Amino acid sequence: MWLGPLRPDVVKVFDWYVRRKSDRTAGLLSEICLDAPTRLDVDPETVGQLIPRSLHLDSKLGEETVDALLDMALPPSAKSSES
């Protein structure tokens, strides 16, 4: 299955959530990575590539903030094996 970037309105909701519930961001990203294989037949590593790409395109959080957030919050299964 091919997945493109998340829609800009989805990224906007994610930004809103991070700004208001930053302590729950890691849990949200973990849930997304856990659900992706069963709901979408997409492995967590693919999700871990899609989320940063989408956030870098449309997030208002800033690139450094997005990178730091994802580095802390993405579960190990969603991180690239190349890193």
Side-chain angles (χ1 to χ4, degrees):
M1 168 189 271
W2 178 86
L3 292 174
L6 299 172
R7 294 182 352 216
D9 58 329
V10 173
V11 174
K12 186 175 181 179
V13 170
F14 182 81
D15 280 3
W16 178 91
Y17 187 84
V18 168
R19 290 176 192 274
R20 284 153 184 82
K21 304 285 186 178
S22 58
D23 60 320
R24 296 184 183 178
T25 302
L28 173 65
L29 291 171
S30 292
E31 285 293 320
I32 291 169
C33 291
L34 286 172
D35 283 352
T38 53
R39 290 181 180 223
L40 303 173
D41 195 29
V42 177
D43 62 277
E45 188 174 335
T46 300
V47 174
Q49 295 167 357
L50 174 70
I51 291 173
R53 189 173 346 138
S54 298
L55 294 179
H56 285 144
L57 286 172
D58 295 311
S59 177
K60 305 295 186 226
L61 296 174
E63 191 170 322
E64 287 182 17
T65 301
V66 167
D67 288 342
L69 172 70
L70 295 175
D71 189 46
M72 290 185 300
L74 279 176
S77 62
K79 295 183 179 178
S80 175
S81 57
E82 296 174 7
S83 321

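The structure presented is a predicted model; accordingly, all values stated were derived computationally and were not measured. Numbering starts at 1 and runs along the sequence shown.
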Pairs of donor and acceptor atoms involving the side chains of residues 26-37, under 3.5 Å and at least two apart or interchain, shall be tabulated with distances.
unit_1 : atom_1 : unit_2 : atom_2 : d
Ser30  : OG     : Ala26  : O      : 3.0

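- With sequence neighbours excluded, no residue satisfies side-chain hydrogen bond (donor to acceptor under 3.5 Å, both in side chains) with Arg19.
- Residue pairs meeting the side-chain hydrogen bond (donor to acceptor under 3.5 Å, both in side chains) criterion with at least one member in residues 20-29: none, sequence neighbours excluded.
- The side chain to side chain contact (heavy atoms under 4.5 Å, CB included) test applied to Lys12 returns no partner, not counting sequence neighbours.
- Every residue meeting the side-chain hydrogen bond (donor to acceptor under 3.5 Å, both in side chains) condition with Asp15, not counting sequence neighbours, appears here in chain and number order: Ser59.
- Leu57 and Leu6 are assigned to two separate hydrophobic clusters, defined by single-linkage of ILVMFWY side chains at heavy-atom distances under 4.5 Å.
- Placement of Leu70 and Tyr17 within a single hydrophobic cluster is found when ILVMFWY residues are connected by side-chain heavy-atom separations under 4.5 Å, directly or transitively.
- Transitive grouping of hydrophobic side chains (ILVMFWY, heavy atoms separated by less than 4.5 Å) brings Leu50 and Leu40 into a common cluster.
- Taking every heavy atom of both residues into account, Val66 and Leu55 meet most closely at CG1-CB, 3.7 Å.
- Residue pairs meeting the salt bridge (charged side-chain N to carboxylate O under 4.0 Å, His left out) criterion with at least one member in residues 59-70, sequence neighbours excluded, do not occur.
- Thr65 contributes a side-chain N or O that, together with a main-chain N or O of Leu61, makes up a donor-acceptor pair within less than 3.5 Å.
- Contacts of Asp71 classified as side chain to side chain contact (heavy atoms under 4.5 Å, CB included), with partners at least two apart in sequence or in another chain: Lys79.
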